[in-house]
Amino acid sequence: MSAEPTVLEVDDLVVHYPIHRGIVGTVTRQPRRMVHAVEGVSLSLQGGEMLALVGESGCGKTTTAQAVLRLVDPVSGSIRFGGRDLVPLGSRELRPLRRRIQVVYQDPYESLDPRFRVRAVVEEPLLIHGLGGSKSERSAHVEEALRRVELSPPELYLDRFPHELSGGQRQRVAIAAALVLEPEVLVADEPVSMLDVSVRAGVLNVLDGLRRDGLAILMITHDLSTAARFAQRIAVMYLGRIVEEGPAAAVVRNPQHPYTKALLSVVPRRDPRDRHRPQILQGETPDAVAIPSGCRFHPRCPVAIDRCAVEDPSLAQPASAGDGHRAACLLLPAGR
Ligand code: SF4
């Protein structure tokens, strides 16, 4: 494992959203219902590492990322970054720290202002944060950021509008606009899911290169095969909890949790000897308002036993897994 220092540490994070009761609900004083989006998530991220947070939509992975970016307020838990806990900080104290944790969103068609040329898009974060020095110094930063995302030579792109770029080039511009602030952490929220398949690998290779240069990347994805190829560690989320985590190769080759096994069973494999029968999960789709008792996966788990409806398993290293590989399942005999 890398000896790089830990740059981000999330501990026991909880995020709930209230559901609007409407006028009738308020007048009749119906109890307020909550979406239990994130329920006790802990993770850490080192410099030069990509951690993939994987799961179906609604599992809480994007809410976890939004909490790390302090775009939503956690109910409890801590987010340690730059020697401070971000959770209790107000907007003024967060401002200098925001520069150091940047985000790239899923849709480069929405995230770039169509009225701005590439030069202005990438320069704008410097202006907002009052960084980058003189106009010519800012230009040099903009050009360097474009080179780092392999939009080179930058002169070819600086004066183009977003509509004159391909989807992959737009996403590279969005990454450059994040990089120009020289962040330590990049949150990449489904960074290639809106892109044509033919350009996805190029954008992921750019992220991989930035990671090799020392950037810490928290990648949110529903795609385990992408996570397996590019991430160093994978954390699998289900209904607001991490149910399995570990080195990417170990999670993919030796999955422990029944949910991870089901996700992996539908990932296309090149090697026919490596193919498994797709395991389609039965039961209700997860509802973050009404969390099942016991193990929250039990209504859909193909190997659940009676205890699973009562006991809530915690993450632990099973005997059948290696170092740093943990899963939350009552059927897994404990390892070390
Ligand atoms: Fe399935 Fe039970 Fe393990 Fe949960 S604890 S994953 S329901 S076997």
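Keep in mind that this is a model prediction, so the values were computed, not measured. One-based numbering, in listed order, for ligands and for the atoms of each. Numbering starts at 1 and runs along the sequence shown. All values below were derived from every heavy atom in this structure, side-chain atoms included, with hydrogens, water molecules and symmetry-related copies excluded.
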Lys/Arg N to Asp/Glu carboxylate O, Arg233 vs Glu49, below 4.0 Å: yes
Quick note on ligand 1: atoms under 4.0 Å from a heavy atom of Leu331 include exactly 8 (S)
For atom 3 (Fe) of ligand 1, closest protein heavy-atom neighbour: Cys329 SG, 2.3 Å
Taking NZ, NE, NH1 and NH2 as the nitrogens, is one of them in Arg296 or Asp287 under 4.0 Å from a carboxylate oxygen of the other? no
The atoms of ligand 1 lying under 4.0 Å from a heavy atom of His298, numbered in the order shown, are 7 (S)
Contact region, His257 to ligand 1, non-hydrogen atoms below 4.0 Å, reads side chain
Answer yes or no as to whether an N/O/S atom of Cys295 is found below 2.8 Å from atom 4 (Fe) of ligand 1. yes
Can you tell which part of Pro258 has a heavy atom less than 4.0 Å from ligand 1: side chain, backbone, both or neither? side chain
Taking only heavy atoms of Leu330 into account, list the atoms of ligand 1 that are under 4.0 Å away from them. 3 (Fe), 5 (S)
Please confirm whether Tyr238 and His257 have ring centers closer than 6.0 angstrom. no
Working to the nearest 0.5 Å, report the span between OG of Ser314 and CD1 of Ile242. 13.5 Å
Closest non-hydrogen atom pair between Leu207 and Ile217, with its separation: O-CD1, 3.4 Å
Got a sec: does the CZ of Arg229 have more than 12 other heavy atoms crowding it under 6.0 Å? no
Between Glu190 and His222, does the side chain to side chain donor-acceptor pair (under 3.5 Å) criterion hold? Intermediate values first, please. CA-CA 8 Å; Glu190 301 273 11; His222 63 277; 3.0 Å; yes
Is any N, O or S atom of Cys308 under 2.8 Å away from atom 2 (Fe) of ligand 1? yes
Strictly under 2.8 Å, is atom 3 (Fe) of ligand 1 approached by any N, O or S atom of Cys301? no
